[in-house]
*Asks:* 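Below you'll find the structure I mean.
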Amino acid sequence: MLSMKEMLLPLVAVVLVIGPLWLMFKKGVNKENAKARVLTQISIFAGVFMIVMIMQAHSFTVLAQEAAKAGASSDAGLGFIAAALAVAASALGAGWAVASAAPAAIGAISENPDNFGKAIIFVALGEGVAIYGLLISILIINKL
């Protein structure tokens, strides 16, 4: 069963993060106060995040002690981290490749519609990178 702290802490965090946004939209935004409001929102979010992490630090240590008693190794955890990194890095690379190739392909197609087959290959190659990262992550997870 959840304790009162565990039930109220997320509610307080949501109110502290959303409250200033509500005030900003209620009063309106102008050039004088926009920068201050954004910086205030970022600092409130960072503060709430740190408070939540500090409040939950005891839970993290309890979970780590239970895992150590059970004899769990860190190999599975490192494998999941490797799979996540494979997907994240390949998705970022694919996004970068598509972002640079797609506008050029659109420009080439608008000038000459016969260039569609040649231009779409570069966009598809960029998207293939993400699929390769996903396949690698599936292979890593299957080995765990």
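These numbers were taken from a predicted model, which means no experiment stands behind them. FYI, side chains are in, hydrogens and waters are out, and symmetry mates aren't considered; it's all heavy atoms of this structure. Position 1 is the first residue of the sequence, and the numbers go up from there.
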*Asks:* Can you list everything that forms a side-chain contact (heavy atoms from CB on, under 4.5 Å) with L92? Sequence neighbours excluded, please.
*Replies:* none
*Asks:* Of all heavy-atom pairs between A86 and I136, which one has the smallest distance, and what is that distance?
*Replies:* CB-CG2, 4.2 Å
*Asks:* Would you name the heavy atoms of V123 and V98 that are closest together and state the gap between them?
*Replies:* O-CG2, 3.9 Å
*Asks:* Kindly write out the residues that satisfy side-chain contact (heavy atoms from CB on, under 4.5 Å) with A83, not counting sequence neighbours, or none if the list is empty.
*Replies:* S137, I140, I141
*Asks:* Considering non-hydrogen atoms only, spot the tightest contact between A97 and G126 and give its length.
*Replies:* CB-CA, 3.8 Å
*Asks:* For I109, what residues pass the side-chain contact (heavy atoms from CB on, under 4.5 Å) criterion, not counting sequence neighbours?
*Replies:* F116, A119
*Asks:* Nearest 0.5 Å, what's the CD1-CG distance between I120 and L125?
*Replies:* 10.5 Å
*Asks:* What heavy-atom pair brings G117 and I121 nearest, and what distance separates the two atoms?
*Replies:* O-CG1, 3.2 Å
*Asks:* To the closest 0.5 Å, what do you measure between CG (L134) and CD1 (I138)?
*Replies:* 4.0 Å
*Asks:* Do the side chains of L135 and L139 get nearer than 4.5 Å, heavy atoms only?
*Replies:* no
